[in-house]
Amino acid sequence: MLSDRQLQTLEIAKRVGRVQVEELSQRFDVSVQTIRKDLNELCDQRLLARVHGGAVISSGVENVGYDARRSIASTEKTAIGRAVADLIPDRASLFINIGTTTEAVAQALLRHAGLMVITNNINVATILQPYPEIEVIIAGGVVRRSDGGIVGEAAVDFIRQFRVDFAVIGVSAIDPDGSLLDYDYREVRVAQAIMANARQVILASDATKFERSAPVRIGHLSQISTFVTDRCPLPGIRRICAEANVALVEALGESVAEEG
């Protein structure tokens, strides 16, 4: 049986994606030790998963709601978006896939000139469409109600018509072994087609993705040209980047380009 406070904590986590010990302590006017005990019990029941300073929804089969994902690490996503935009020159062609981090990339590209952007993300198309210096091409297919993503075989076939300079992709989770993961098989098929039809692949993902799990494999970090994140706290991920000649860019830290 969960206490009323634990039930409220779980509802907050479902709504916004994660909870912080200090914030919960202030909200419920109890000690941080009490909150930690609550979180430990929720984690013991596999309802939450502990992370530094708090906990996140532990589900490995269903993503957090899209509005909640927008609020998670929003400052970090803005920094990542700017760092990715710095890697893309004017008059380039690129794919941008589904995700709140890739939306931050689209926002950071608005000052670019002569871009051709192909996307399966209605939100990205909406951000870019008003700007005459950016040509927007949107994939056809099934529109996912939860986030405006366009998925399915029609989207895959559409993507395969192009060969672009850059692919900017987001993922739902990154395993310690470098596996790139997502929740929806249909979305994964589109992401794989995007990666296969770009000369350079840029992964844009904040550090919370190291704390999560998802059931469907997109590919591996070694298939990426450049990994842009806010910070990379895992030595194993750094090692994979070094061994595979993947450039690692930490938007809120140091930038490291590994050379083989």
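Annotation: side chain to side chain donor-acceptor pair (under 3.5 Å) contacts of Asp177 (sequence neighbours excluded): Ser179. Listed by chain and number, the residues in a salt bridge (charged side-chain N to carboxylate O under 4.0 Å, His left out) with Arg160 are Asp157 (sequence neighbours excluded). Every residue two or more places apart in sequence or in another chain that forms a side chain to side chain contact (heavy atoms under 4.5 Å, CB included) with Gln107 is listed here: Leu110, Ile127. Applying the salt bridge (charged side-chain N to carboxylate O under 4.0 Å, His left out) rule to Arg217 yields no partners; only residues at least two apart in sequence or on another chain are considered. Residues satisfying the side chain to side chain donor-acceptor pair (under 3.5 Å) test with Gln8, not counting sequence neighbours, are Asp4. Qualifying side chain to side chain donor-acceptor pair (under 3.5 Å) partners for Ser25, counting only residues two or more places apart in sequence or in other chains: none. With sequence neighbours excluded, no residue forms a salt bridge (charged side-chain N to carboxylate O under 4.0 Å, His left out) with Glu135. Residues satisfying the side chain to side chain donor-acceptor pair (under 3.5 Å) criterion with Asp184, sequence neighbours excluded, are Arg144, Arg186. Contacts of Glu11 classified as side chain to side chain contact (heavy atoms under 4.5 Å, CB included), with partners at least two apart in sequence or in another chain: Lys14.
In the hydrophobic clustering, Ile150 connects to Ile122, Ile138, Val143, either directly or through intervening members, whenever side-chain heavy atoms lie under 4.5 Å apart.
Closest heavy-atom contact between Arg18 and Val51: NH2-CG2, 3.3 Å. Pairing each heavy atom of Thr102 with each of Gly170, the nearest pair is CG2-N, 3.6 Å. Counting all heavy atoms, side chain and backbone alike, Gln192 lies closest to Ile218 at NE2-O, 3.1 Å. When all heavy atoms of Leu48 and Ala13 are compared, the closest pair comes out as CD2-CB, 3.6 Å. Contact between Leu39 and Arg50 at its shortest, heavy atoms only, is CB-CD, 3.9 Å. Heavy-atom minimum distance, Ala207 versus Arg231: CB-O, 3.5 Å.
In this structure, Lys209 NZ and Thr101 OG1 are separated by 4.5 Å, a value rounded to the nearest 0.5 Å. Put simply, NE2 on His112 and CG on Leu94 are 9.0 Å apart, with the number rounded to the nearest 0.5 Å. The CG atom of Asp175 sits 10.5 Å away from the CG atom of Leu234 when rounded to the nearest 0.5 Å. Remark: Ile80 CD1 to Glu76 CD distance equals 7.5 Å, nearest 0.5 Å. For the atom pair Ile35 CD1 and Glu23 CD, the distance stands at 11.0 Å (nearest 0.5 Å). For the atom pair Ile137 CD1 and Ile118 CD1, the distance stands at 5.0 Å (nearest 0.5 Å).
A side chain to side chain contact (heavy atoms under 4.5 Å, CB included) with Thr119 is found for one member of Val124, Ile98, Asn97 and no other, namely Val124. Among Asn121, Ile169, Ile194, the one residue that satisfies the side chain to side chain contact (heavy atoms under 4.5 Å, CB included) test with Phe95 is Ile194. For the side chain to side chain contact (heavy atoms under 4.5 Å, CB included) with Leu203, the lone residue among Val168, Val171, Thr226, Val228 that qualifies is Val171.
No more than 12 heavy-atom neighbours from other residues, nucleotides or ligands sit within 6.0 angstrom of CZ on Arg111. A 6.0 Å sphere centred on CG of Asp44 holds more than 12 heavy atoms belonging to other residues, nucleotides or ligands. Around the CZ atom of Arg199, the shell of radius 6.0 Å holds more than 12 heavy atoms that belong to other residues, nucleotides or ligands. At most 12 heavy atoms of other shown residues, nucleotides or ligands fall within 6.0 angstrom of atom CZ in Arg27.
Ion pair Glu250/Arg238 flagged as a salt bridge, since at least one NZ, NE, NH1 or NH2 atom sits closer than 4.0 Å to an Asp/Glu carboxylate oxygen.
Proximity of Glu153 to Arg189: side-chain heavy atoms (C-beta onward) are separated by under 4.5 Å at one or more points. A heavy-atom distance below 4.5 Å is found between the side chains of Leu221 and Cys241. The side-chain heavy atoms of Asp165 and Gln200, taken from C-beta on, include no pair separated by under 4.5 Å. Annotation: side chain of Phe227 is not in contact with side chain of Ile240 (no heavy-atom distance under 4.5 Å). Side-chain contact between Thr75 and Thr78 is absent, with no heavy atoms from C-beta onward closer than 4.5 Å. Contact of the Arg5 side chain with the Thr34 side chain is registered, since non-hydrogen atoms from C-beta on lie closer than 4.5 Å. Looking only at side-chain heavy atoms (C-beta outward), Leu115 and Leu128 stay at 4.5 Å or farther from each other. A 4.5 Å side-chain heavy-atom check between Tyr185 and Pro215 finds every atom pair outside the cut-off.
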CA sep, side-chain torsions, deciding dist, call: Val56, Thr208, side-chain contact (heavy atoms from CB on, under 4.5 Å): CA-CA 9 Å; Val56 297; Thr208 65; over 6 Å; no
Criterion side-chain contact (heavy atoms from CB on, under 4.5 Å) on Leu109 and Ile96, from CA distance to verdict: CA-CA 11 Å; Leu109 287 170; Ile96 301 180; 4.0 Å; yes
Working for side-chain contact (heavy atoms from CB on, under 4.5 Å), residues Ile237 and Thr229: CA-CA 12 Å; Ile237 295 295; Thr229 185; over 6 Å; no
side-chain contact (heavy atoms from CB on, under 4.5 Å) assessment of Leu2 paired with Leu42: CA-CA 8 Å; Leu2 299 179; Leu42 290 168; 3.8 Å; yes
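Note on Met195 and Leu181: separate hydrophobic clusters, where clusters join Ile, Leu, Val, Met, Phe, Trp and Tyr whose side-chain heavy atoms are under 4.5 Å apart, directly or indirectly.
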Tell me which donor-acceptor pairs under 3.5 Å the side chains of residues 81-88 have, and how far apart each pair is, sequence neighbours excluded?
none

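Not one N or O on the side chain of Asn120 forms a donor-acceptor pair closer than 3.5 Å with the backbone of Val151. Looking only at distances, no side-chain donor or acceptor of Ser172 sits under 3.5 Å from a matching main-chain atom of Asp182. The backbone N or O of Ala113 lies less than 3.5 Å from a partner atom in the side chain of Asp90, making a donor-acceptor pair.
For residues 120-170, every residue pair satisfying the ring-ring contact (aromatic ring centres under 6.0 Å, His included) rule, not counting sequence neighbours, is listed here: Phe158-Phe162.
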